[in-house]
Amino acid sequence: MKRKPHARRGESEKREENDDDAGRRAKKKVRECCKAIGADRMVTLTYRENMVDRETALKHWKAFCRKLGKHKQFHYVAVIEEQERGALHFHVAVTGRQMYALLRSIWQSVLGRGPDGQQMGQVNVRDPHRFGFGQNGAHKLAAYIAKYCSKQMQCRALDQKRYFRSKGIVVPEVDSVRLHCTTMLGAVQAAFSIAAQFGLEGIQSWCNNGLGVVWLSTAPRPKGADMECPF
DNA sequence: AAAGTGGGCCAACGATGTGG
DNA sequence: CCACATCGTTGGCCCACTTT
């Protein structure tokens with residue numbers, strides 16, 4: 001078989017489609033990773049000043065990761081958000097209780113002090129229960145973080161990452177289960193009983209008779225991966 | 001026809017580990 | 001603390017199919 005020679009990066013005729021494509025894929029991956037680590041809190045790292053330089057922001061991020069990693073190993077999925085005026089900040093999905101004082105002091109030590117000795121950044125931790133993410137917050141959180149991947153931003157050029165994640169996040173592999181049922185109702189029941197093994201708290205579901213698909217997502221448990229059942 | 005999925009290939013980049 | 005090296009992963013590209 002013959003292959004068309006690859007266009008060089010950024011020079012494809014389908015540039016835009018490819019970009020969309022990659023965005024969608026990254027988005028999906030981010031969602032998977034959030035679920036995989038059971039992310040339930042969102043940390044936001046911000047700058048006091050209007051930071052617009054992606055490169056130095058990334059340096060800060062890197063330094064932050066290193067320092068924090070020394071104290072405790074942590075898993076994260078992070079994205080950069082860009083506000084209207086171009087100000088950058090980080091959204092980081094993490095799991096479990098955070099040591100706020102530690103995060104804060106590290107972030108601030110990375111940024112250093114301003115001319116008058118003022119702190120140059122802030123840290124905000126969103127607790128799922130107190131800030132509205134609630135019981136099925138994991139879904140919202142994942143979706144919230146993921147949306148920044150497909151969003152186009154000025155600060156992101158060709159070849160630049162859409163998101164960041166710690167190593168060692170294993171996205172669980174897919175389990176396929178054959179269902180022995182012939183009706184939609186039967187399928188729904190079967191799917192629920194499978195999902196019940198992982199606990200049904202905070203479950204989200206969606207189904208479409210026309211397409212013949214049931215989609216369930218279990219929230220709080222560590223092993224709560226998405227599952228889909230076509231039949 | 002148009003849009004979406006999934007896989008494979010390859011290059012470039014980032015996360016990490018190491019040694020100066 | 002910084003520079004360098006390694007290894008794994010992402011991102012860009014294309015193809016082959018399936019869905020809409």
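Below, chain A is the first sequence line, B the second, and so on; all start at residue 1.
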Protein-nucleotides 4-9 of chain C N/O pairs under 3.5 Å:
none

Whether R15(A) contacts dC13(C) is assessed here as follows: a side-chain N or O lying under 4.0 Å from the phosphate OP1 or OP2. Is that the case? yes
S12(A) side chain near dC14(C) phosphate (N/O to OP1/OP2, under 4.0 Å): yes
Figure out the [atom1]/[atom2] separation between [X] and [N], and round it to whole Å.
{"X": "E13(A)", "N": "dG12(C)", "atom1": "CD", "atom2": "P", "value": "18 Å"}
{"X": "Q160(A)", "N": "dG12(C)", "atom1": "CD", "atom2": "C1'", "value": "14 Å"}
{"X": "W61(A)", "N": "dT16(B)", "atom1": "CH2", "atom2": "P", "value": "10 Å"}
{"X": "E11(A)", "N": "dG12(C)", "atom1": "CD", "atom2": "P", "value": "14 Å"}
{"X": "D20(A)", "N": "dA2(B)", "atom1": "CG", "atom2": "P", "value": "16 Å"}
{"X": "E16(A)", "N": "dA3(B)", "atom1": "CD", "atom2": "P", "value": "13 Å"}
{"X": "R31(A)", "N": "dT5(B)", "atom1": "CZ", "atom2": "C1'", "value": "13 Å"}
{"X": "K14(A)", "N": "dC13(C)", "atom1": "NZ", "atom2": "P", "value": "10 Å"}

Closer to the 5' end of DNA chain C via nearest nucleotide, is it D21(A) or K67(A)?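 Closest to the 5' end, via its nearest nucleotide, is K67(A).
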Run the ring-centre check on H60(A) versus Y47(A) and record whether the distance is less than 6.0 Å.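 When the ring centroids of H60(A) and Y47(A) are compared, they turn out to be within the sub-6.0 Å range.
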Using a 4.0 Å heavy-atom cut-off across all strands, classify [X] as base, sugar-phosphate, or nothing.
{"X": "G10(A)", "result": "sugar-phosphate"}
{"X": "K62(A)", "result": "base"}
{"X": "K59(A)", "result": "nothing"}

Closest non-hydrogen contact found for G121(A) with W107(A) is CA-NE1, 4.0 Å
Consider only side-chain N and O atoms of R48(A) and Q119(A), and report whether a donor and an acceptor are under 3.5 Å apart.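 The answer is no; no qualifying pair exists.
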Output, in order, the C-alpha distance, side-chain angles, deciding distance and verdict of side-chain contact (heavy atoms from CB on, under 4.5 Å) for T46(A) and F90(A). CA-CA 7 Å; T46(A) 59; F90(A) 294 95; over 6 Å; no
Between S166(A) (side chain) and Y76(A) (backbone), is there a donor-acceptor pair under 3.5 Å? yes
ILVMFWY cluster, Y148(A) and V52(A) together (side-chain gap under 4.5 Å): no
For the pair R24(A) and D20(A), find out whether any cationic side-chain nitrogen is under 4.0 Å from an anionic carboxylate oxygen.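 No.
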Nearest to the side chain of R25(A) - dT16(B), dG12(C), dC14(C)?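 For the R25(A) side chain, the nearest candidate turns out to be dG12(C).
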